[in-house]
Amino acid sequence: MKQLTKIGVIGAGNMGSGIVQKIAQEGLSVVMIDTQEIFVQKGLANIKSLLQAGVERRIFSPAQMAATLSRITATVDFNQVADADLIIEAVFEDKGVKTALFQQLDAICDEHTILATNTSSFYVREFAEKINRPDRFVGLHYFYHPAKNRLLEVIPHQGTSPATVEIAKMFAKLHGKTAITVKDAPGFAVNRFFVPFLNEATRMLEENLANIPTIEAAAKRAFKIGMGAFELMNVTGIPIAVHSADTLGRELGPFYATSVTLRKQMEKKENWDLSGQVDESKLEKIEDRFLGICLGVAAALVDEGVASVEDTDLGAKIGLRWVKGPFEIMNRIGITKTYQVVEAVALKYADFAIPEILKKHKQTGKPFDFRWVDMQAKDQVAYITINRPEAMNALNEAVVRQLEERFSEAESNPDIKGIVIQGAGKAFVAGADIRYFIQNIKNDRIDDIVAFTKGGHELLLRIENSTKRTIAVLDGLSLGGGSELALACQTIVATSAGSMGFPETAIGIIPGLGGMLRTARQIGTELAKYYVFTGRTISAQDAYDLGIVSKIINPQDLEKTILEICNGPIPDKYRSRKLPERFAELAKVCSPDNVKALLAGLKPEGISADLAEKTLKIISRKAPLALLKADELIDAQQKVTIPEAIDLELGELNYIFSTEDALAGLSSVGGKPPQYQGK
Ligand SMILES: NC(=O)c1ccc[n+]([C@@H]2O[C@H](COP(=O)([O-])OP(=O)(O)OC[C@H]3O[C@@H](n4cnc5c(N)ncnc54)[C@H](O)[C@@H]3O)[C@@H](O)[C@H]2O)c1
């Protein structure tokens, strides 16, 4: 795949400057262009002030801010992007202006340059048709504010080449975006149901159904969001809402057309007045109307093949920050209720028909089954992607079941040489779903946890012992079960963003998917204990130096590296190795005598006073029973075979999950750390 080293952004306004900021923040060089120096400088000033605010809130260091700014070239000279690999247009939403710009870029840019539009309301194909490189033209639709909102809609038109789509998705990943692939259709995916949500709020006001505060309260309740439709319009601008509804109405018919009240409000040039009392008695009716509109439209867009069920949900969760996506909401309220609220909308608006997908589900009565784990084969390699980026790809029963299904498909395919396991979005896999553990403990179903873990072990053993090469791509954070999944693969390749860690003893449990035994077999029991006891992060560089990671790569070299591994000898991850000197002191922290001391609340000896003190402090906050059990297991596991070591680990799960500390620790996630009782 072509390397993306130079990116251009045209337009230094609200969107353009935000896109530039995000690209530079994530380590890529970018050229920002506008028509006049004053606009370029305004864009740059916006970026500086946002970065400065980030420094004040300690999100970035001053050095990171300086480095980000150093990657930005701000200019009015279009020739500076002539050799760019990708150029994103973010100029006025004016067809003539955009078309002229693309023709200008088409004339001056290198053959390989990909052009992209951030249009919200035109078809991508309308611009592609006007240039000589339609195959290298794609839509990249960002969401406000583009330096903060992680969603990116990737919109190929019919003539966009597969290579361009691939590069667009790679680019999304490179600058920290979660991409969903969407058909070139009005409103693409998210605005298709978000704009009717805004519009319908104003129609309900127009119909005198309720006052603004009541409509706001119902919207918040329906989608578990912080701002209702009117407040959102006040923040993002009423003209944008009108413009977007106009586009949808023009392309899709009266159901989507802008309400009179919304247009009038724009003409008044005033924000909505949000004051007043909520009328509780009206909430349910309004909530149902909102649900009917959003769920109905979401189902319609899936019917039309605009986006998948999963991508539509991701769009809502990441782009709009809904707690659940439309299809998850349908599962929550049930298909009967869903059908009822959508049917009410269909009865009200003659040009809105009940989508086929809802009719089908009503007939079967079954909830939607989500595909959390995807697989794609390329060059004899199966790329398995855990695709729950909004939950940092956490492992739950459905994810593990689907991972097993995809893995079995890949393993039984004689054309496949290698199986890659990776996570969508920024994380690899952030452990197991904590809620699942809590629910089962509370329901007295610890046996279910053990059975789930046993199934996980079986899958991890198959991954470890596969006759195909199995490779984890650690290009983001991994924790607990995620690190254990990576450790089970025959090889791990990482990017500099990759990391591992075992936070379990801080939440009352122990690593339960072979993390202790596989780490100890690679780096020794003492260092393994150090990482399991402290939960300290193992960076990609540390993991590489320790021989856990086989290679640190530039994300763009991934496919090349995978092919090399698949064509090379089977790596022996349990080979004996000499650990770098810098880890010797950490290992000493957990020498047998020091472990005894630490578990008795005493300072370890033979190491620097600073490290001894720090470690003791960290360990004093961990669950004592979990520490004891981890200590015992790590020693015992090294004396037996891997399957026997797994049996030992499984044999202790019931005990650990039955402790009061386990429930207290697991329940504390996201809140105050608990005071462990050692019970
Ligand atoms: N604002 C949003 O929430 C949002 C969300 C997604 C997409 N978009 C789309 O992004 C695009 C930009 O929107 P915005 O809100 O940043 O607009 P904006 O008015 O803030 O900025 C547009 C910038 O483009 C510059 N410009 C105009 N013509 C140019 C040309 N020929 N060459 C170089 N620069 C030129 C202008 O000087 C201005 O600085 C629009 O297509 C819009 O539909 C906006």
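When a ligand or atom number is given, it counts from 1 through the structure's own listing order.
If you check which protein heavy atom lies closest to atom 30 (C) of ligand 1, you get Thr35 CG2, 3.5 Å. At the top of the distance list for atom 9 (C) of ligand 1, counting protein heavy atoms only, stands Asn118 O, 3.3 Å. Of the protein's non-hydrogen atoms, the one nearest atom 39 (O) of ligand 1 is Asp34 OD2, 2.7 Å. Scanning the protein for heavy atoms near atom 20 (O) of ligand 1, the closest one is Asn14 N, 3.0 Å. In terms of protein heavy-atom proximity, atom 8 (N) of ligand 1 is nearest to Ser120 OG, 3.3 Å. Ranking protein heavy atoms by distance to atom 33 (C) of ligand 1, first place goes to Ile10 CG2, 3.4 Å. The protein heavy atom nearest to atom 11 (C) of ligand 1 is Val91 O, 3.3 Å. Residue, atom and distance of the protein heavy atom nearest to atom 2 (C) of ligand 1 are Met15 SD, 3.6 Å.
Not a single protein heavy atom sits closer than 4.0 Å to atom 17 (O) of ligand 1.
Under the 30°/60° scheme for interplanar angles, the aromatic rings of Phe127 and Phe102 are found to be tilted. Relative orientation of the Phe290 and Phe197 rings is tilted, given thresholds of 30° and 60° on the angle between their planes.
Heavy-atom proximity to Ile240, at under 4.0 Å, picks out these atoms of ligand 1: 1 (N). Listed by number with element, the atoms of ligand 1 under 4.0 angstrom from any heavy atom of His141 are 6 (C), 7 (C). Each of the following atoms of ligand 1 lies closer than 4.0 Å to a heavy atom of Phe39: 37 (O). Ligand-side atoms of ligand 1 in range of Tyr142: 5 (C), 6 (C), range being under 4.0 angstrom from any heavy atom. For ligand 1, the atoms sitting less than 4.0 Å from at least one non-hydrogen atom of Tyr144 are 3 (O), numbered in the order shown with element in parentheses.
Under a 4.0 angstrom heavy-atom cut-off, Phe122 registers as lying outside contact with ligand 1. A heavy-atom separation below 4.0 Å is not found between Thr236 and ligand 1. Within the 4.0 Å heavy-atom shell around ligand 1 one finds Lys98.
Aromatic pair His145/Phe143: ring centres not closer than 6.0 Å. Side-chain rings of Trp322 and Phe193 approach one another, their centers coming within less than 6.0 Å. You'll find the ring centres of His157 and Tyr123 outside the 6.0 Å limit.
Salt bridge annotation for Glu166-Lys378: present, with a cationic side-chain nitrogen under 4.0 angstrom from a carboxylate oxygen. Salt-bridge annotation for Asp184 and Arg125: present, with a side-chain N of the basic residue lying under 4.0 Å from a carboxylate O of the acidic one.
In this structure, the side chain of Asp110 does not engage the main chain of Thr113 through any donor-acceptor pair within 3.5 Å.
Take Ser499 and apply the side chain to side chain contact (heavy atoms under 4.5 Å, CB included) test, not counting sequence neighbours, and it matches Leu477, Thr537.
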For a quick test of your reading: what N or O donor-acceptor pairs under 3.5 Å do the side chains of residues 296-309 make, sequence neighbours left out?
residue : atom : partner : partner atom : Å
Asp303  : OD1  : Ile357  : N            : 3.1
Asp303  : OD2  : Glu356  : N            : 2.6
Glu304  : OE1  : Arg192  : NH1          : 3.1
Glu304  : OE1  : Arg192  : NH2          : 3.3
Glu304  : OE2  : Arg192  : NH2          : 2.9
Ser308  : OG   : Asp311  : N            : 3.0

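Under 3.5 Å, the side chains of Asn387 and Thr385 contain no donor-acceptor pair of N or O atoms. Under the 3.5 Å distance criterion, with hydrogens and angles disregarded, a donor-acceptor pair is assigned to the side chains of Thr178 and Arg150.
Of the candidates Glu93, Gln36, Lys42, it is Glu93 that places a heavy atom closest to atom 43 (O) of ligand 1.
Using a 4.0 Å cut-off between heavy atoms, Val97 contacts ligand 1 through its side chain alone, with no backbone atom that close.
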